[in-house]
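Quick caveat, the model's predicted, so the values are computed rather than measured. Below, chains carry the letters A, B, ... as their sequence lines are ordered, and counting in each starts from 1.
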2 protein chains.
Amino acid sequence: MADADNRFIARLKLMTPLGIAELLALERLLQDRREFRAGQDIVKAGDRPDQLHIMLSGWACRYKLLGGGGRQIVALLLPGDPCDLDGVLVGRQDTSVATLTSVIVAVVSRDALLSVGRAHPRLADLLLWLTTLDNALMSERIASMGRRSARERVAHLFCELFVRLSSVGLQTSNAFALPFTQEVIGDTLGLTSVHVNRVLQALRKDGLIDLREHMLTVKDWPGLKAVAGFDPNYLHLSGMRAAPTSQEG
Amino acid sequence: MADADNRFIARLKLMTPLGIAELLALERLLQDRREFRAGQDIVKAGDRPDQLHIMLSGWACRYKLLGGGGRQIVALLLPGDPCDLDGVLVGRQDTSVATLTSVIVAVVSRDALLSVGRAHPRLADLLLWLTTLDNALMSERIASMGRRSARERVAHLFCELFVRLSSVGLQTSNAFALPFTQEVIGDTLGLTSVHVNRVLQALRKDGLIDLREHMLTVKDWPGLKAVAGFDPNYLHLSGMRAAPTSQEG
DNA sequence: CGAAGTGTTGAAGGGTTTCAAGCATAGTGG
DNA sequence: CCACTATGCTTGAAACCCTTCAACACTTCG
């Protein structure tokens, strides 16, 4: 059970070099695992959580339910992402987390998390860093929803997912699986599933992507980036306080 | 001169009890101050900041500029709010910060910030907590922009500002100053200033608010909350959950 | 087989934007 | 004191993006 199969540890190592002691502490921390089927709630809004869940495989989303019955997805969660860090830190969960596929998570008690942070300051730094990264993703999402058209939003989401999947090593070719419905895309971007459908058709017709049976193929990466106005800087993939690396795709 | 005039320290004290040593360290940390006039940039996107700015008085906003020339305000900053915590922690600023009024900030070097965090774990916890709170605000903003109408968004923003101002002791009556233009409201909520204007008139006509010369009066608080679907839980004003590992005495 | 979920398409309607103009206020300089 | 300018608020009309409602095809699954 090295960290080869652990996207979370792999991701942290990308951010900052970790020593043996830190890696051992991490592996011990992540021992407990739990599996969920698709369409289940891992955490519910209003909970007072004392456990952190960390995605190891599968897809999930953090969401809010509004009074009118609408759902807004606040974040899409990939392997390596903490599900409910905010709720654990602040003591009260104000978003729910639902699985989109079958999912394996590591379950970490709040106390264990904090005491590991005390023992290994660099791991505590990473905790703060993960929260900050979440922040950056949400800032960009706000920018999308406020000032980008539906076409631009969808393109931007695909660009982001493509890069994020690549960054955790789940992406090699120009095609990847989007194992969820068009309604999920709509709930993520503040659109209806009907309009998402039309936008997807337009992007297909323009030769930018192909999306069939939950398989997304990026046929024209520069074109897609241009439509989206995508600049990957906000993903902060270059690591903690590292030099800027302009990735070209 | 102690922390009576310092909204940042006052706010932290609301969240968790602080000892004498911690308060002294905080005051020493916040000694350096700087003043900006209205309409200036405190930080610019792309900077590699080594200083944290903390709002002590006035209004500011964090924003992004999009390719098409549009501006999206990601957060409105009040006294007590850190301006650029994300950028300082992650090493690269991906939002700009602009003043909306004349502003006084405390300027804290990154190194001083981190070393104080090492010396006083509870202050480090508060840093993480502030980041998490920012996160919560942005989640709710995403929900607003994705699933609420313009009328609901404006009402929700006013509810949020009202409660936030109250929480830092800047709000006592049912009226408060909104020292910025309707375009700022639009850039915050993803609307045009023209439409914001029309929405404001409707809210006025319905007897919910009165807004004249940058002075907002809430005339029907229950009504405004109802329109907004406002639930203040996400602001986490009840304080920080006791952190077992950072209890001292 | 029937039911449920998802993708697709069409038509109509509405919320918001865009464009344009007019008005008020404050500041500036002659 | 009066143009003159700049900024922000207000209003109207037209256009547009997106939603809503509805229907149908297709697949999966009990």
Applying a 4.0 Å non-hydrogen cut-off, can you work out what [X] is touching in the nucleic acid: base, sugar-phosphate, or nothing?
X	answer
A:Ser149	sugar-phosphate
A:Arg204	sugar-phosphate
B:Arg148	nothing
B:Gly190	sugar-phosphate

**Message:** Nearest to the side chain of A:His214, heavy atoms from C-beta on, is which of D:dT10, D:dG8, C:dG7?
**Reply:**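 Nearest to the side chain of A:His214 among the choices is C:dG7.
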**Closest listed nucleotide, where the reference is the side chain of A:Val194 and the choices are D:dC18, D:dT10, D:dT20** =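 Nucleotide nearest to A:Val194's side chain: D:dT20.
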**Request:** Check whether any side-chain nitrogen or oxygen of B:Asn197 sits under 4.0 Å from OP1 or OP2 of D:dC9, and answer yes or no.
**Result:**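 It does not, given that no N or O in the side chain of B:Asn197 lies less than 4.0 Å from OP1 or OP2 of D:dC9.
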**Along DNA chain C (nearest heavy atom to each residue), the more 5'-positioned of A:Gln201 and B:Val196** =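 Of the two residues, A:Gln201 wins.
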**Asked** With no hydrogens and no angle check, is any side-chain donor or acceptor of A:Asp84 less than 3.5 Å from a backbone partner on A:Gly87?
**Response**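 The answer is no, because no donor-acceptor pair under 3.5 Å joins these two groups.
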**Message:** Assess, by modelled atom type and distance only, whether the side chains of B:Gln182 and B:Asn197 contain a donor and an acceptor separated by less than 3.5 Å.
**Reply:**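 Yes - a donor-acceptor pair under 3.5 Å links their side chains.
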**Asked** Can you tell me if B:Asn135 and B:Tyr234 form a side-chain donor-acceptor pair at under 3.5 Å?
**Response**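 Short answer, no.
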**Asked** Is there a donor N/O on one and an acceptor N/O on the other, under 3.5 Å, for the side chain of A:Arg198 and the base of C:dG10?
**Response**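 When only heavy-atom distances are counted, A:Arg198 does reach the base of C:dG10 through a donor-acceptor pair under 3.5 Å.
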